[in-house]
Protein chains: 2
Amino acid sequence: MPRRGVARLGRPRSTSRAELQEVALRLFADRGFDETSVEDIATAAGIGRRTFFRYYSSKLDLVWGDFETELEHMRAALGATGPEVPMMQAVRAGVVGFNRIPPEIATQHRQRLALILGVPTLIANSTLRFAQWRGVVAEFVAARTGCGAEDLLPRVVAHCALGAAVAAYEEWLQDPDADLTAILDDALGRLAAGFATTAPPARATPPPPPPPPPFTGSPSSAGR
Amino acid sequence: MPRRGVARLGRPRSTSRAELQEVALRLFADRGFDETSVEDIATAAGIGRRTFFRYYSSKLDLVWGDFETELEHMRAALGATGPEVPMMQAVRAGVVGFNRIPPEIATQHRQRLALILGVPTLIANSTLRFAQWRGVVAEFVAARTGCGAEDLLPRVVAHCALGAAVAAYEEWLQDPDADLTAILDDALGRLAAGFATTAPPARATPPPPPPPPPFTGSPSSAGR
DNA sequence: CTTCCCTTCGACACTCAGTGCCATTATGAT
DNA sequence: ATCATAATGGCACTGAGTGTCGAAGGGAAG
């Protein structure tokens, strides 16, 4: 398997996670996810099928890149929230901040999300990633409310925050010109209000924090 | 393939969806889901592997039974709610009612849910079923708020209602003596309140309606 | 330059899910 | 008895994912 660290010895790797992702996303865009076999990707990348699985443990993981690192950033952002911010507003700001993406990768991000939320196989798989995401939110809520992350309230909040975020993604995908930040803020604002009104609640996005590395889905090319 | 309707002609079917589910759940309980192959199930049921796939199109579907019929019942229950009930309280009551299960099948239901929410392969697959579930909720919310089911608000509410319900299931699974109805009502009540308080909101479960056929997950054995 | 060491590569074989094809079998109707 | 019908189950195939193992391609030591 490709090692991170500074590999000084042995045969050099013949490709990278980033390159494989690039090749694969192109194929997915052309023929579709299910119509592209791992064999196809490996051939297009000039490696053996077996070698592909040394870079990504499955065809599904290809689309997610280095999600866990992104999660760490959200955990840090939530943890840095001052206690004067109400819990649900902190969650709202954290999720919105997590999803602030640089305009230059917006197209690629859109394509990736369209796959994740549009291809049944990937929709299903996304649940497993989202469970980790929920874990981060639940931890924060647990810390705020003084209970365990395994208790009902943190898990309900996490589930609901995720639900609101996914609904926002879906909305964003429908409109090529939509502003993801605004939609997310709206959805999570309504959640915080208990869906009590039909009108959207006031925009309460706090001053844009120093944009933390957003979820770009880019694979860790460490050890390149 | 086995046909519903009254089959008068041809070779009789050699088993049923119900029987296969029973056999399979026993094997899953013994060895685990991933450790049980379709071959194993077919052999245990005394049929060929190929025939298994004529009863269930995948090993995953086995666990879900006739989910779509159950959904119809929830759709009907929501649709029958009077306009005087606030939207989120109607959702709350509808979801709680949907999950009212007869005590005699509680054990089986618990085993099924433990699989669905505990085995990664099934967790992932559950998302696709839950999407249908969300569709039912979104339709109701759309009708209530006078917008389309594809709009942001209905989808956010549906996602959040599902999130609260799943968190409640998880809580229920942790405690063998827990009362699913109470936990669900609590979780959805908190959602309706926007998670504004730490204390659980008042129990607002309406008088138990004539228990509509609950989600039992039992396969349609029609045409037996 | 040669040799050794280390790491990645890729071929092969295997399991298991899922699908198409088709001959076989069991039944009711004629 | 014969025929039409519908389910069965064997065979072969694709595609994902895994274990194994020899070969390839480098740096470093001699």
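Below, chain A is the first sequence line, B the second, and so on; all start at residue 1.
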salt_bridge(Arg26(B), Asp30(B)) N-O dist < 4.0 Å: no
Whole angstrom is fine here: how far is it from CG in Leu62(B) over to P in dG18(C)? 11 Å
Working note: Ser57(A) + Asp61(A), criterion side-chain hydrogen bond (donor to acceptor under 3.5 Å, both in side chains); need CA distance, chi angles, decisive distance, verdict. CA-CA 7 Å; Ser57(A) 58; Asp61(A) 290 346; 2.7 Å; yes
Looking at the side chain of Phe53(B), which of dT8(D), dC21(D), dG18(C) is the nearest nucleotide? dG18(C)
Atom CZ of Arg11(A) to atom P of dT7(C): distance rounded to whole Å? 14 Å
According to a strict under-4.0 Å criterion, is Tyr55(A) in side-chain N/O contact with OP1 or OP2 of dT8(C)? no
Do the side-chain N or O atoms of Ser14(B) get closer than 4.0 angstrom to the phosphate oxygens (OP1, OP2) of dT8(D)? yes
Can you figure out which of dG26(D), dC9(C), dG18(C) approaches the side chain of Pro12(A) most closely? dG26(D)
What salt bridge (charged side-chain N to carboxylate O under 4.0 Å, His left out) pairs are there with at least one residue in residues 71-81 of chain A, not counting sequence neighbours? Glu72(A)-Arg75(A), Arg75(A)-Glu139(A)
Are side-chain N/O atoms of Asp40(B) and Thr43(B) paired as donor and acceptor at under 3.5 Å? no
Tyr56(A) OH - dG15(D) P separation (whole Å): 22 Å
Out of dT7(C), dC21(D), dA16(D), which has the shortest distance to the side chain of Arg54(A)? dC21(D)
note: Leu9(B), atom CG; dA26(C), atom C1'; distance rounded to Å ~ 11 Å
Heavy atoms within less than 4.0 Å of DNA chain C: which residues of residues 32-52 of chain B have one? Give them sorted by number. Thr36(B), Ser37(B), Val38(B), Arg49(B), Arg50(B)
For the residue pair Phe130(B) and Trp64(B), categorise the inter-ring angle as parallel (less than 30°), tilted (30 to 60°) or perpendicular (more than 60°). perpendicular
Taking C-beta and beyond as the side chain, do Gln111(B) and Thr107(B) meet within less than 4.5 Å on heavy atoms? no
